[in-house]
2 protein chains.
Amino acid sequence: MKSPHPASAALCKVAILGFGTVGSSVARILCERTRTGLRLTHVLNRNLERKKNAGWLPAHLQWTEDINDILSSDADIVVEVIGGLEPAGEWIRSALRSGKSVVTANKQLIAHSGLELIDLARKVERHIAFGASVAGGVPVISGLQEGLAGDELFKIYGILNGTCNYILSQVESQGVSFAAALAEAQRLGFAEADPSDDVDGLDARAKLAILATVGLHTRVDPAAIPCRSISPIEAVDFEYAKQLLCTIRQISWAELDGEQLFATVRPALVELSSPLARVEGGRNLVMSTGKYGGETVFGGHGAGGNPTAVAVVSDIVAIARARQDITQGFADTPKSSARVTADFSTRHYLRFKVKDRPGIIGTLADIFSHCGINIDSVLQKPGYLKSSLPFVITLEACKASLVEEALEQIAGLDFLVQPCVHLPILG
Amino acid sequence: MKSPHPASAALCKVAILGFGTVGSSVARILCERTRTGLRLTHVLNRNLERKKNAGWLPAHLQWTEDINDILSSDADIVVEVIGGLEPAGEWIRSALRSGKSVVTANKQLIAHSGLELIDLARKVERHIAFGASVAGGVPVISGLQEGLAGDELFKIYGILNGTCNYILSQVESQGVSFAAALAEAQRLGFAEADPSDDVDGLDARAKLAILATVGLHTRVDPAAIPCRSISPIEAVDFEYAKQLLCTIRQISWAELDGEQLFATVRPALVELSSPLARVEGGRNLVMSTGKYGGETVFGGHGAGGNPTAVAVVSDIVAIARARQDITQGFADTPKSSARVTADFSTRHYLRFKVKDRPGIIGTLADIFSHCGINIDSVLQKPGYLKSSLPFVITLEACKASLVEEALEQIAGLDFLVQPCVHLPILG
């Protein structure tokens with residue numbers, strides 16, 4: 001237990017393999033966030049003339065179409081975001097053997113060859129990290145590896161495929177057929193021309209295999225996980241599900257029971273009260289259950305260039321910090337304090353309790369108007385005594401200080417039975 | 001960028017200061033989880049005769065009431081779970097100066113002196129970790145420090161106090177007064193005899209100050225965060241909130257706008273569609289918003305011995321791993337594969353589409369009965385053609401294989417217009 005704590009990271013050089021949606025988002029974050037001690041030095045991409053003209057890219061950046069240029073470079077970390085099993089797998093192996101650490105977003109490769117690649121990284125004394133391989137920007141891999149390392153997890157389940165979630169949401173909310181919802185998803189670019197990886201569960205089961213390996217510490221061949229397609233689901237199923245206080249989602253589920261792993265990807269009914277029923281559009285949600293800590297939830301954007309790039313850059317930062325200070329995140333803090341205020345701009349809820357008489361609303365409306373505040377609605381439920389009548393005024397978004405000013409004037413009015421209850425309305 | 005990767009951790013010795021709810025849970029996890037390379041060696045507690053008789057504690061364990069016994073011991077990591085500013089603060093400083101790393105669950109101490117303690121740890125080349133200081137078992141500190149390190153967060157908000165959440169839920173669901181809900185919470189041990197730390201927001205603001213420092217990288221004095229009590233909230237406010245499609249929760253909110261930090265702890269209306277509206281009982285939920293990754297959600301048990309102990313042990317594991325392999329969680333994996341099955345036991349949803357005639361339900365019921373399956377309900381919505389009538393049978397919890405067996409027999413029946421849609425019902 002000795003801990004060398006260099007005060008700041010040495011400059012860490014990063015090469016990116018693949019300059020598509022995720023690769024260019026990673027490059028942008030590295031270029032915009034200059035205080036991280038990370039420097040983008042190389043990009044490998046085919047047809048690079050078309051790509052390298054983005055104005056925000058630094059002049060020193062070296063472009064290549066040849067992996068050997070990267071392998072022989074001084075880059076410390078190689079980011080693989082080209083996808084697919086090959087050449088990604090061979091390039092990652094070569095990078096590790098060339099003394100580079102690797103960050104990858106490649107779920108199929110990690111699901112199939114993750115343990116082999118980790119063994120290789122360990123042998124050559126380099127790191128490999130793959131937080132972006134599951135659920136994009138949802139920090140569930142680091143959550144299972146770090147935040148819940150103290151627990152014994154036995155169940156991991158959730159929504160791991162945004163395309164299925166979008167299609168099922170559309171069948172539910174629009175009452176359209178599965179085919180129509182799929183066609184719309186394809187038109188919007190949410191689904192591939194060949195959607196079978198998504199709708200039949202193959203995409204989700206690769207992610208589930210990774211989560212089971214990381215969180216349940218069991219080796220799983222993704223091909224061994226039984227999948228069912230969401231394609232037989234019709235609008236009528238949502239009507240019946242609703243009667244059962246449920247909705248229908250593509251659920252990935254892995255549960256350890258001794259030496260046996262229950263695991264499947266399939267459409268399932270989930271109770272409307274479950275967080276799984278509330279996952280919107282392309283979002284992902286992962287729930288884990290542990291012997292000691294009970295249920296933990298991780299949610300966020302499951303795909304897209306920027307969220308996935310956040311996961312990639314977080315892994316780069318973790319590798320750069322690996323032999324530094326685990327309190328880095330806190331210790332990076334500037335020594336100057338922020339000016340703290342509670343003067344948010346929100347909508348507002350004001351609940352009055354009054355001795356009722358004509359003209360009260362008019363009096364209040366005048367005060368708000370003088371303060372430059374717009375009333376949104378007035379609510380009054382029946383069934384209360386006129387001598388102590390509660391009613392509510394909601395205000396359009398404005399600063400809390402403005403409302404306080406109006407309430408100071410209102411506080412002196414003789415029809416008030418008790419002080420006004422003032423709450424911000426969030427969302 | 002060099003990475004020494006020892007194949008396994010050297011044995012890491014742990015001392016616990018305080019053997020209350022959290023301390024004894026930490027001890028139990030360390031004693032039950034033997035494959036972690038961690039060994040509980042010392043416990044400091046007053047009146048220790050009463051405590052040390054638990055049968056599951058190892059015989060080698062050394063008990064003391066004197067902090068100097070811990071400081072001069074060979075413990076590598078000292079866990080502080082006594083709470084309060086002093087003597088906890090002085091003991092942590094002494095432990096660091098004695099060459100020990102420290103794990104603490106002490107939110108008031110970290111909110112007030114966190115940066116000073118980290119500076120000290122850095123100076124003496126040891127670690128300090130405090131993942132348990134906010135939201136118990138919710139891995140939000142590591143999530144902000146590690147999983148979202150690649151993003152630029154500008155907003156963190158959520159439900160950080162389970163007592164307030166319980167009280168407000170009771171006012172909402174039972175229609176009781178605030179005073180009655182508080183008294184019930186006190187009777188059940190969810191609220192202290194003096195509840196002001198919870199209901200007035202002081203507990204939550206200490207946690208919010210830590211989250212703002214870790215996630216927004218800004219130094220915040222907790223005393224500078226304006227708080228409002230939840231005590232004026234009445235049942236009528238929930239009725240009006242419901243009309244506005246909202247509910248009311250104690251919300252902690254911090255948002256960075258240039259050099260200014262908007263921050264407050266107060267009751268607020270939250271939309272029923274927000275995950276915040278769904279947080280039950282003593283659970284916590286933290287949401288962060290970043291420039292690149294958008295919104296991320298962390299949820300789980302915010303308090304209690306075991307969930308908090310998971311956070312403590314996760315920090316111990318992180319320190320023990322600090323100069324090892326960040327892929328440890330994956331690489332710990334046993335080389336043997338789990339047997340994978342999808343044969344979960346759940347409730348089941350079966351949607352049939354039939355050419356209607358008398359006796360269909362009876363025929364199906366006979367088949368299920370022969371297979372040993374109990375029908376839970378039969379649902380039939382009006383308005384469909386008799387020639388293609390959808391209806392639903394739900395089954396009580398049983399193995400999927402049993403249902404498949406019944407469905408094989410059913411598949412041959414001539415009244416079916418299409419194959420049965422079979423979904424598990426989760427929850």
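Chain A is the first sequence line, chain B the second, and so forth, proteins listed ahead of strands; every chain is numbered from 1.
No side-chain donor-acceptor contact under 3.5 Å links Arg266(A) to the backbone of Leu423(B). The backbone N or O of Ala149(B) lies less than 3.5 Å from a partner atom in the side chain of Ser314(A), making a donor-acceptor pair. Looking only at distances, no side-chain donor or acceptor of Tyr292(A) sits under 3.5 Å from a matching main-chain atom of Ser25(B). Using modelled atom types, no side-chain atom of Arg278(B) and backbone atom of Pro275(A) make a donor-acceptor pair closer than 3.5 Å.
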Can Tyr384(B) and Val236(A) be said to form a side chain to side chain contact (heavy atoms under 4.5 Å, CB included), step by step? CA-CA 10 Å; Tyr384(B) 290 97; Val236(A) 67; 3.3 Å; yes
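For Asp237(A), the side chain to side chain donor-acceptor pair (under 3.5 Å) test picks out Tyr349(B), Arg351(B), with sequence neighbours left out. In this structure, the salt bridge (Lys or Arg N to Asp or Glu O under 4.0 Å) partners of Lys291(A), at least two apart in sequence or on a different chain, are Glu32(B).
Interface summary for chain B: among Ala400(A), Gly293(A), Ser142(A), the most heavy-atom pairs under 4.5 angstrom belong to Gly293(A). Taking Val270(A), Val138(A), Val317(A), Asp343(A) one by one and counting their heavy-atom pairs under 4.5 Å with chain B, the maximum is reached by Asp343(A). In terms of non-hydrogen atom pairs under 4.5 Å with chain A, the most contact-rich of Leu216(B), Val310(B), Val313(B) is Val310(B). Among Leu148(B), Leu144(B), Val26(B), the residue making the largest number of heavy-atom pairs under 4.5 Å with chain A is Leu148(B). In terms of heavy-atom pairs under 4.5 Å with chain A, the best-connected choice from Met287(B), Glu239(B), Gln243(B), Gln418(B) is Glu239(B). Across Glu234(B), His422(B), Lys100(B), Glu280(B), the residue that shares the most heavy-atom pairs under 4.5 angstrom with chain A is Glu234(B). Annotation: maximal heavy-atom pairing with chain A below 4.5 Å, among Val312(B), Ile225(B), Leu379(B), occurs at Leu379(B). Chosen from Pro232(B), Pro267(B), Gly290(B), Cys246(B), the residue pairing most often with chain A at heavy-atom distances under 4.5 Å is Pro267(B). Across Gly137(A), Ala311(A), Pro226(A), the residue that shares the most heavy-atom pairs under 4.5 angstrom with chain B is Pro226(A). Among the candidates Ile251(A), Leu244(A), Ile316(A), the residue making the largest number of heavy-atom pairs closer than 4.5 Å to chain B is Leu244(A).
With a 4.5 angstrom heavy-atom cutoff, Lys353(B) touches chain A only via side-chain atoms. Of the two parts of Ala224(B), the backbone and the side chain both hold a non-hydrogen atom closer than 4.5 Å to a non-hydrogen atom of chain A. Contacts between Val392(B) and chain A at a heavy-atom distance below 4.5 Å involve backbone atoms as well as side-chain atoms. Proximity to chain A is absent for every atom of Ser274(B), based on heavy atoms less than 4.5 angstrom apart. The part of Ile248(A) that comes within reach of chain B is its side chain, from C-beta onward, which places non-hydrogen atoms under 4.5 angstrom from that chain. If you measure heavy-atom distances from Ser288(B) to chain A, you find no contacts under 4.5 Å at all. Contacts between Thr308(B) and chain A at a heavy-atom distance below 4.5 Å are absent for every atom of the residue.
Nearest approach of Glu271(B) to Leu426(A), heavy atoms of both residues: CG-O, 3.9 Å. Among all heavy-atom pairs drawn from Gln145(A) and Arg321(B), the shortest one is O-NH1, 2.7 Å. For the residue pair Gly147(A) and Pro139(B), the shortest heavy atom distance occurs at CA-CB, 3.6 Å. Closest heavy-atom contact between Lys381(A) and Tyr240(B): N-OH, 2.9 Å. Of all heavy-atom pairs between Gly294(B) and His301(A), the closest is CA-CD2, 4.0 Å.
The CD1 atom of Ile29(B) sits 6.5 Å away from atom CG of Asp151(A), with the distance rounded to the nearest 0.5 Å. Distance check: Ile141(A) CD1 to Glu146(B) CD gives 14.0 Å after rounding to the nearest 0.5 Å.
The aromatic rings of Phe344(B) and Phe262(A) are tilted relative to each other, their planes meeting at an angle between 30° and 60°.
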